[in-house]
Amino acid sequence: MRIALASDHAGYALKRFLSQHLSAAGHECVDFGAATDAQPSSYVPFAVSLSEAVAAGDPPLGIVICGTGLGISIAANKNKGIRAAVCTDEYMARMARQHNDANVLALGARVVGAGLAASIADAFLSEPFERGGRHQARVAEILDVERRNFR
Ligand code: RB5
């Protein structure tokens, strides 16, 4: 699967680690920046670039990383079509896909270690959305809110 990755400086090292981990598992990683952690960078433009691609469907899923996962997930969620979820364990990652149809996983590089982050990413990427039930109806409600509030 093609997977979009983005981070600020704080998430850069974890992004590199996950890129290698996911590539070794056969995924194709597309990096939307930052290109370095040599100086501090805002997570906002990288979150926006990734979100535009994911909202257009290519890549279909993304992973964004900052220090906590919070700022970059908030920035991603300001883009139409994006449902970004901060996850700190595998259960949250599975539920984010199964119940919320999240299309962006947000990780905090200062919150989770590299091994746990890899397990969270694996869970997120392998779990399908549970179609046809109450969760689909709720995601449809969220999309209605989005249609009302976004041009
Ligand atoms: C950078 O120091 C840090 O504020 C940023 O990576 C992120 O955690 C913000 O939400």
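When a ligand or atom number is given, it counts from 1 through the structure's own listing order.
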**Q** What closest approach, in Å, do Ala106 and Ser73 show between heavy atoms, and which atom pair accounts for it?
**A**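 Taking every non-hydrogen atom into account, CB-CB, 3.6 Å.
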
**Q** Are Val111 and Leu70 linked, directly or through intermediate hydrophobic residues, by side-chain heavy-atom contacts shorter than 4.5 Å (ILVMFWY only)?
**A**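 In one cluster: no.
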
**Q** Taking all atoms of both residues into account, what is the closest heavy-atom pair of Ala10 and Arg110, and its distance?
**A**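 Closest heavy-atom pair between Ala10 and Arg110: CB-NH2, 3.4 Å.
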
**Q** Kindly write out the residues that satisfy salt bridge (Lys or Arg N to Asp or Glu O under 4.0 Å) with Arg131, not counting sequence neighbours, or none if the list is empty.
**A**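 Counting only residues at least two positions away or on another chain, Arg131 forms no salt bridge (Lys or Arg N to Asp or Glu O under 4.0 Å).
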
**Q** Do Ile120 and Met92 touch side chain to side chain, with heavy atoms closer than 4.5 Å?
**A**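 They are not in side-chain contact.
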
**Q** For ligand 1, which of its N or O atoms have a protein N or O partner closer than 3.5 Å, and how long is each gap?
**A**
{"from": "ligand 1", "atom 1": "2 (O)", "to": "Arg110", "atom 2": "NH1", "distance (Å)": "3.2"}
{"from": "ligand 1", "atom 1": "6 (O)", "to": "Asp8", "atom 2": "OD2", "distance (Å)": "2.6"}
{"from": "ligand 1", "atom 1": "6 (O)", "to": "Gly67", "atom 2": "N", "distance (Å)": "2.8"}
{"from": "ligand 1", "atom 1": "8 (O)", "to": "Gly67", "atom 2": "N", "distance (Å)": "3.2"}
{"from": "ligand 1", "atom 1": "8 (O)", "to": "Thr68", "atom 2": "N", "distance (Å)": "3.0"}
{"from": "ligand 1", "atom 1": "8 (O)", "to": "Thr68", "atom 2": "OG1", "distance (Å)": "3.2"}
{"from": "ligand 1", "atom 1": "10 (O)", "to": "Thr68", "atom 2": "OG1", "distance (Å)": "3.4"}
{"from": "ligand 1", "atom 1": "10 (O)", "to": "Gly71", "atom 2": "N", "distance (Å)": "2.9"}

**Q** Kindly compute the distance separating NE2 (His27) from CE (Met1), expressed to the nearest 0.5 Å.
**A**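 It is 6.0 Å, given to the nearest 0.5 Å.
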
